[in-house]
Amino acid sequence: MVDYISGLNEPQRQAVMHGNGPLMIIAGAGSGKTRVLTYRIAYLIENGVDPFRILALTFTNKAAGEMRHRIEKVVGNEARNIWMGTFHSVFAKILRIEARAIGYTSNFSIYDTDDSKSLLRSIIKEMGLDDKVYRANNVFGRISGAKNRLIGPDDYLNNPVIQADDASARMPEIGRIYKQYSLRCFQANAMDFDDLLFNTNVLFRDHLDILHKYQHKFQHVMVDEFQDTNVSQYLITRKLAAVHQNICVVGDDAQSIYAFRGANIENILNFQRDYGKENVKIVKLEQNYRSTKTIVQAANSIIARNKNQLEKHVFTDNEDGPLIEIIKASSDNEEGRLIASSIFEAKMNDSLINNDFAILYRTNAQSRAFEEALRKVSIKYRIIGGLSFYQRKEIKDLIAYLRFTVNQNDEEAFKRIINLPKRGIGDTTVAKIAVLAAEKQESIWGIVSEITKHVAGRAGIAIEGFADLIKSFMLLLDKKDAFEVASHIAKASGLLKELYEDKTVEGLARYENVQELLNAIKEFVDNPENDDKSLGAFLQTVSLLTTADEKEDDGDNDKVTMMTIHAAKGLEFKYVYIVGLEEDLFPSQMMLESRNDLEEERRLFYVAITRAEKRLTMSYAETRYNYGRLKVCEPSRFLMEMDQRYLKMSRMRSISQESHGYERPEREVRDRTETPSGGSMSFVRSLAQRTAQRQAPQPTSTHTPSADFAPSDTSKLAPGMKVEHLKFGFGIVKSMDVNGTERKATIQFDTAGERTLLLSFAKLRIV
DNA sequence: TCAGATAACGTTTTT
DNA sequence: CGTTATCTGA
């Protein structure tokens, strides 16, 4: 047996060895939380608890997989039997088993956010509402918020506070949209992400026999990242633990960063109230084993400003470590270059590998500059998040076929594939079918599958072809496994053929992606852990995958990791770069506008800082492109809020490019002359000045060339080359020279003269 | 019905 | 800048 107890500190040991009864572990960043949870589960199993009767809920599939892996190391194969996964995946599984009780079939579809929004757009249109007023994004947010608070459509309509709220937002019809949306999802035999939790609550509320079954089944319930659970999730766990009262929650209020999704820190307070203060054992893990003193203390200095938090003192016995370096870059691209060269140097000097580094940013869109810069110095990287494999068009298309084959009520899948590949069925025909279905009180498939009875002529024949195709797919479902069905569908639907005939680079990539999806299905089928190998089972798994779960596609796994701070939760890296520390970006503009709560942004910053073990570097850019516009930026107020004793202003590099004849905006020039060459105090003063000037924002000039467009001295242009798509940012391209990935172009500025520039990413079409 | 051109628009984080 | 919705002519 592995001795895992002796290496623990006192509170950790208490948490691991706590027997029955409610347990709340408040675990500071880097305090060995996963370790404790892992060992606790192992400890329970060793003390006779059946793994089948342990339910462990995590936040990501990856975290679940990792934990299972670690438990396996201690207790062996038995770890496989633990019910472990995200809330969404575990309860999707239970809903699949119990679907009939709430009027669904076990083949229900799971709508992703795109499906939901698309359905909402249809509903808004059908109701004759102005889609400028009722924007799908907005409406979806309201409905999602309601569901997470367990407010159904009728509750929503009957709640005077909510109604008043919607009215004052000039969207009084949201309640009716919500009701229609729920109905349509139900008719489509589909659930969105929030429904997976909402309907689990409904299931447990209305079917006590089912509730009892699971209450007795799960002897121990564990919840990781408890600070990020919402009301809906909390109630599920509370119900499940009601019989045995063995509920263990692990969380850190200082790392609560999902309030936007309905997460509720008050769950931590509710927990004590619900189980009785005297019954709840509380353990605080406050010693950080991960980071240097500098990093821990700097992180503490950030959340010290927050009012809403539990009392906790995270400390460390680790060494002081280097100061936190702050790099100031003149543009986002320069920021990329500086970070890339910093990583390059650090790798050399400190003999590290790519895996030791992470670049963390606030928004996914920021990754581009770093990708380009890292590629230039040949450093491998991986990006977590952003556009997922499963969100690509060609993948969604095939999945829509699969979904519709399994569930013919799936309206969103139907809309996607009815005319794909093109088979002469346009919007008019689809609308006709929808009307017909409504008139005859039939489902859409009811009409489509017997179309010859209803529609004659060309359109009728086209639809009949489609219906026959689907029918032939449906016949396979019971006979073949997911892989066989899917590869048949890919071929017979014509999707694969269409992509194969597309010989462009993108077409080739798409074809490969579809093959990749088929490989994934093959793997699913071959995996002995999956007992249900049907297509329906695969689809439910796949809908809940995130990019964090996607596997590496090549053999080389030593890569710099880039991701949003949200995605970095639970991870750690030796050297961490927090980039894009600019006002409006981090903290984000939206948070600043809603004003009431910078606390969550601070916690986010806290999470980012505490990912670092040894060294932390932060950077900001003075100008940045967004939506093709050049934007002048301020350094983030977070840099000021942090205890200045831990900061070191990096010497500015590569600013010489700017003195090539272009005027920087006035304020920039003045700032530079007033700022001596570094030193943290002058840095602070300069920050203070900038922040004070913030009230009167500078007009963002779209005609100001940035350092990215520094003139190139090797201005030998291919003469006479004409260029189409002339407009580029703030000027017109007159001629250009393409040399590999680099493009040199002569640009006629809107206001100033003519210059030769180096373009790295402009897409221009040469004629 | 559809391709190709043009206009409009988005601006956080994720299961 | 990129994506998506809308328009236009065949």
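Proteins come first, then strands; the chains are lettered A, B, ... in the order of their sequence lines, and each starts at number 1. Please read these numbers as outputs of a predicted model, since none were measured by experiment.
- Contacts of A:R135 with the nucleic acid, taken as non-hydrogen atoms under 4.0 Å apart, involve only primed sugar atoms and P, OP1 or OP2.
- We find that CD of A:E600 is positioned 8 Å from C1' of B:dT13, with the value rounded to whole Å.
- As a whole-Å value, the separation of A:R121 CZ from B:dC9 C1' is 12 Å.
- For A:K117 and B:dT14, the NZ to C1' distance is 11 Å, given to the nearest whole Å.
- A:D224 has a carboxylate O that lies under 4.0 Å from a charged side-chain N of A:K33, or vice versa, which qualifies the two as a salt bridge.
- Computed from coordinates, the A:D332 CG to B:dT11 C1' distance equals 15 Å when rounded to whole Å.
- Neither side chain, A:S636 nor A:E582, offers a donor N or O lying under 3.5 Å from an acceptor on the other.
- The residue among A:E601 and A:L544 whose nearest nucleotide of DNA chain B lies closer to the 5′ end is A:E601.
- Ion pairing between A:R603 and A:E600 holds under the 4.0 Å rule for side-chain N and carboxylate O.
- A:D228 has no carboxylate O lying under 4.0 Å from a charged side-chain N of A:R261, or vice versa, which leaves the two without a salt bridge.
- When distances run from any side-chain atom of A:M590 to the nucleotides B:dT13, B:dT11, B:dT15, the shortest one goes to B:dT11.
- Counting only heavy atoms from C-beta on, A:R368 has its side chain closest to C:dG2 among B:dC2, B:dT14, C:dG2.
- For B:dC2, the OP1/OP2 oxygens have a side-chain nitrogen or oxygen of A:N419 closer than 4.0 Å.
- One interatomic measurement links the two molecules: CG of A:N137 to P of B:dT14, which rounds to 14 Å at whole-angstrom precision.
- Separation of the P atoms belonging to B:dT13 and C:dT4 is 16 Å when rounded to the nearest angstrom.
- The aromatic ring centres of A:H566 and A:F260 sit less than 6.0 Å apart.
- Backbone-only contact: A:N364 has heavy atoms under 4.0 Å from sugar-phosphate atoms and none from a base.
- Across the protein-nucleic acid pair, A:R261 atom CZ and B:dT13 atom P stand 13 Å apart, rounded to whole Å.
- Nucleic acid contact for A:K132: sugar-phosphate only, since backbone atoms but no base atoms lie under 4.0 Å from a heavy atom of the residue.
- Closest approach of A:R423 and A:I417 over heavy atoms only: NH1-O, 2.8 Å.
- Contact annotation for A:Y258: backbone-only contact, meaning every heavy-atom pair under 4.0 Å involves sugar-phosphate atoms and none involves a base.
- Checking the phosphate oxygens (OP1, OP2) of C:dG2, no side-chain nitrogen or oxygen of A:N626 falls inside 4.0 Å.
- Here the two rings, on A:Y258 and A:F59, have centers that are under 6.0 Å apart.
- Within the 4.0 angstrom heavy-atom criterion, no nucleotide atom of any strand lies near A:N61.
- Ion pairing of A:D397 with A:R416 is present here, as a side-chain N (NZ or NE/NH1/NH2) and a carboxylate O approach within less than 4.0 Å.
- At the phosphate of B:dT14, OP1 or OP2 sits under 4.0 Å from a side-chain N or O atom of A:T564.
- When rounded to the nearest whole Å, the span between NZ of A:K62 and P of B:dT15 equals 11 Å.
- When each of B:dT13, B:dC2, B:dT15 is scored by its nearest atom to the side-chain atoms of A:T363, the top-ranked nucleotide is B:dT13.
- Heavy-atom distances under 4.0 Å link DNA chain B to A:K422, A:G424, A:G426, A:T428, A:T429 of residues 422-434 of chain A, given in residue order.
- Taking a centre distance below 5.5 Å and an interplanar angle below 30 degrees as the stacking criterion, A:F59 does not stack against the six-membered base ring of B:dT15.
- Straight-line distance from the CD atom of A:E498 to the C1' atom of B:dC2: 13 Å, rounded to whole Å.
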